[in-house]
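Worksheet for the structure shown next.
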Amino acid sequence: MVFEEKSRFGEFGRTGVLRTRAGDVNTPTFMPDGTRGAVKGLTPDQVSETGVGIVLANTYHLHLAPGEEVIKGLGGLHGFANRKGPMLTDSGGFQVFSLGKHTKITEEGVHFVDPKTGDKRFISPEISMQIQLDLGADMIVAFDHLVGLDDEITPEMIKDAFDRTHRWLERCIVEFKRLTSATQEKDRPALFGVVQGGLDIELRKESLRIVQDSEVDGIAIGGLSVGETREEMAIILQALAPLYRDDKPRFLLGVGTPEDLHIAIENGIDMLDCVLPTRNARHSSVWGADGAKLTLTNEKFKQDPDPIEISCDCYTCANGFSKAFLRHQFKSGDPLAGTLASIHNLRYMMRICEGYRK
RNA sequence: GCAGGGUUAGUGAAGCGGUCAAACACGACAGACUGUAAAUCUGUUGGCUUAUGCCUUCGUAGGUUCGAAUCCUACACCCUGCA
C-alpha cells in the first residue's frame with residue numbers, strides 16, 4: 001500500500017490517494033463498519049453507490065463466527081462478502097474494551113468468553129495477525145489495548161495500556177513479517193499501528209513517535225470517542241496534527257459524528273470509521289440539512305412529503321422517498337426503512353469527505 | 001328459556017374489600033446511540049400540575065361498608081353448554 005498526498009488545506013488538512021492492493025481510494029474518506037462482513041441492511045453495491053471506498057469488518061466477530069478458516073476457504077473476505085473494493089479489518093482490540101466484563105487481559109493476550117456459546121477464547125497479538133491475514137483484508141490493524149475514560153480509570157491504567165499497546169505492536173510486526181515473508185510487497189496487506197495514551201498529550205505524542213518509528217504502513221489513532229468530550233478529543237488531534245509523517249495514512253478509529261469528522265479531517269486525518277451513521281439510521285435517526293439531526297419516527301413527519309434532505313444526491317433522497325414514507329416503514333418495522341436511511345447517512349458522511357477533496 | 005362464564009385505561013390482560021390512577025404486554029409519544037454482544041436500549045403514557053396534592057375512572061343504575069375495580073340487587077351487551 002502506498003499513500004500519496006495530493007493537496008493541503010487549512011493548517012493541517014490534506015487530500016490524497018490511498019493505493020491498496022484492491023484499488024485506489026481518495027482521501028479523506030469515511031469507512032462504514034460491516035462488523036460481520038456486511039454493512040447491515042445494505043448490499044455491496046448499495047454501499048459503493050454512496051461513494052464509500054473502504055469497508056471495515058471485525059476480527060473478533062468473524063473469528064467467533066463463522067471462523068477465519070471458513071472465510072479463507074471461500075476466497076477471503078472479498079469472496080465471502082462479495083465485495084471487490086478495499087476492505088479493512090479491525091484487530092479485535094476494541095472488544096477487549098467494550099466487552100471488558102468478560103475479559104481477562106494478560107501480557108500474553110486476552111482471555112474472554114464467547115457471549116453466544118460460553119466458550120473460553122483467547123486472542124493475542126500473534127493470533128490477531130494470523131486471523132486477519134486469513135480473513136484477507138487489504139488493511140489490517142495491530143492488536144492494541146485501550147481503556148475507557150470513566151472516573152474509575154486511573155493514570156496508571158492508561159499508562160499500562162499505553163505500554164502494553166507498544167509491546168504488542170512489536171509482536172504484531174514480528175508476526176506479520178513472519179507470516180508474509182513469502183508474499184511480495186505489492187500483494188501483502190497494509191498494517192496499521194495504533195496510537196494510545198488516553199487524554200494525556202505527552203503520552204499521545206510519545207505513542208505517535210513510537211508507532212511512526214515502527215515498521216507500519218499506516219498510523220491509527222485509537223482510544224478516542226470513548227466517553228470524553230468533543231473538546232478533549234479535539235485537543236489530542238490538534239496536538240498530534242503537526243507531528244505526522246506525510247507518507248503514511250492516518251486513520252482515526254471509531255469516529256464519529258459529522259462534527260467530529262470536520263475536526264478530524266481538518267487536523268490531518270485521512271480515514272475514519274464509525275458505526276454511528278448506520279446504527280443511527282437503523283434507529284431512525286438521520287442527519288439532514290444544516291447538520292440537523294432528525295428522528296424519522298417523529299409524529300411531525302407523518303404527512304411530510306419531502307425527502308430527508310432536498311439537496312441530497314443519495315439514492316433515497318434523489319428518488320424522492322418522503323419522510324412520511326420512511327416514518328411509516330420504520331413504524332411498521334420494515335427493514336427497508338433502515339436500508340434507505342443508512343444509504344442517506346453514509347452518503348451524508350461521504351459528502352463531508354468529498355467537500356474537502358475539491 | 002335454563003345453567004354457567006364474562007364486561008378493567010388506545011388494544012390485550014392482571015387485580016377480586018383498604019398498600020389501586022390500577023401489574024404486565026403491545027401500541028402511542030419522546031430520547032439515547034462514536035474501532036457494532038446494538039433492526040437495540042431508556043423514559044413517559046387518565047386529567048390538572050410545583051406537588052408525599054386534587055379531580056375523574058374499572059359495562060349502566062342503585063345498595064352494603066369507615067372504605068368497593070373487588071361484596072349484593074336490577075338492567076344492558078358478549079361467550080359457552082343444555083334444550
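Chain letters run A, B, ... following the sequence lines, proteins first and then strands; every chain starts at 1.
- When heavy atoms are screened at a 4.0 angstrom cut-off, A/Asn280 is found touching base atoms of the nucleic acid.
- Across all strands shown, B/C77 forms a Watson-Crick or G-U wobble pair, both distances under 3.5 Å, with B/G6.
- In this structure, the nucleotide among B/U34, B/A37, B/C29 sitting nearest to the side chain of A/Gln95 is B/A37.
- Across all strands shown, B/U42 is found opposite B/A30 as a Watson-Crick or G-U wobble partner, with both distances under 3.5 Å.
- Look at A/Arg36 and you'll find a side-chain N or O under 4.0 angstrom from OP1 or OP2 of B/A38.
- In this structure, of B/A37, B/C29, B/G35, it is B/C29 that holds the atom nearest to the side chain of A/Arg327.
- As a whole-Å value, the separation of A/Leu56 CG from B/U34 P is 16 Å.
- Taking atom P in both B/G5 and B/C71, the straight-line distance is 12 Å, to the nearest Å.
- Comparing B/G63 with B/U70, their C1' atoms are spaced 15 Å from each other, to the whole Å.
- Side-chain contact annotation: A/His78 with A/Asp138, donor-acceptor N/O pair under 3.5 Å present.
- When the nucleotides B/A39, B/U36, B/A37 are ranked by their closest atom to the side chain of A/Pro115, B/A37 comes out on top.
- Taking the side chain of A/His283 as heavy atoms from C-beta on, and the options B/G35, B/A39, B/U34, the nearest nucleotide is B/A39.
- Distance check on atom P: B/C16 versus B/U64 gives 25 Å, rounded to whole Å.
- For A/Thr27 and A/Arg357, the side-chain atoms include no donor-acceptor pair closer than 3.5 Å.
- A close approach under 4.0 Å does not occur between any side-chain nitrogen or oxygen of A/Ser225 and OP1 or OP2 of B/U34.
- Atom CE in A/Met87 sits roughly 17 Å away from atom P in B/G35 (whole-Å rounding).
- Judged purely by distance below 3.5 Å, without hydrogens or angles, the side chains of A/Thr50 and A/Gln46 never pair a donor atom with an acceptor atom.
- The side chain of A/Ser285 lies closest to B/C33 when the candidates are B/G35, B/U34, B/C33.
- In terms of polar N and O atoms assigned as donor or acceptor, the side chain of A/Asp144 comes within less than 3.5 Å of the base of B/G35 in a complementary pairing.
- Pairing for B/C82 goes to B/G1, judged as Watson-Crick or G-U wobble with the two contacts each under 3.5 Å.
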inquiry  = As a quick check of understanding, evaluate side chain to side chain donor-acceptor pair (under 3.5 Å) for A/Thr117 and A/Asp114, giving each step before the final call.
reply    = CA-CA 6 Å; A/Thr117 65; A/Asp114 182 335; 3.2 Å; yes
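- Nearest to the side-chain atoms of A/Cys274 among the listed nucleotides B/G31, B/U34, B/C29 stands B/U34.
- Which of B/A37, B/A39, B/C29 sits closest to the side chain of A/Lys40 comes down to B/A39.
- Summarising the base pairing, B/U64 is matched to no nucleotide, lacking a Watson-Crick or G-U wobble pair whose two defining distances lie under 3.5 Å.
- Computed from coordinates, the A/Lys116 NZ to B/U36 P distance equals 14 Å when rounded to whole Å.
- Taking only side-chain nitrogens and oxygens, A/Asn298 comes nearer than 4.0 Å to OP1 or OP2 of B/G31.
- Between A/His61 atom NE2 and B/A37 atom P the separation is 4 Å, expressed in whole Å.
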inquiry  = Run the salt bridge (Lys or Arg N to Asp or Glu O under 4.0 Å) test on A/Arg347 and A/Glu354 for me, step by step, so that the C-alpha distance in whole Å, both residues' side-chain angles and the decisive distance to 0.1 Å come before the verdict.
reply    = CA-CA 10 Å; A/Arg347 181 66 198 138; A/Glu354 290 169 10; 2.9 Å; yes
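- In this entry the distance linking CG of A/Leu135 with C1' of B/G35 reads 15 Å, nearest Å.
- Looking at A/Thr103 and A/His111, their side chains never bring a donor and an acceptor atom within 3.5 Å of each other.
- Relative to the side chain of A/Lys293, the nucleotides B/C29, B/A32, B/U34 differ in distance, and B/A32 lies closest.
- Atoms CG and CD1, from A/Leu135 and A/Ile140 in turn, are 9.5 Å apart once rounded to the nearest 0.5 Å.
- Between A/Gly333 and A/Val255, it is A/Val255 whose nearest contact on RNA chain B lies nearer the 5' terminus.
- If you measure from atom CG of A/Leu191 to atom P of B/G35, you get 21 Å, rounded to the nearest angstrom.
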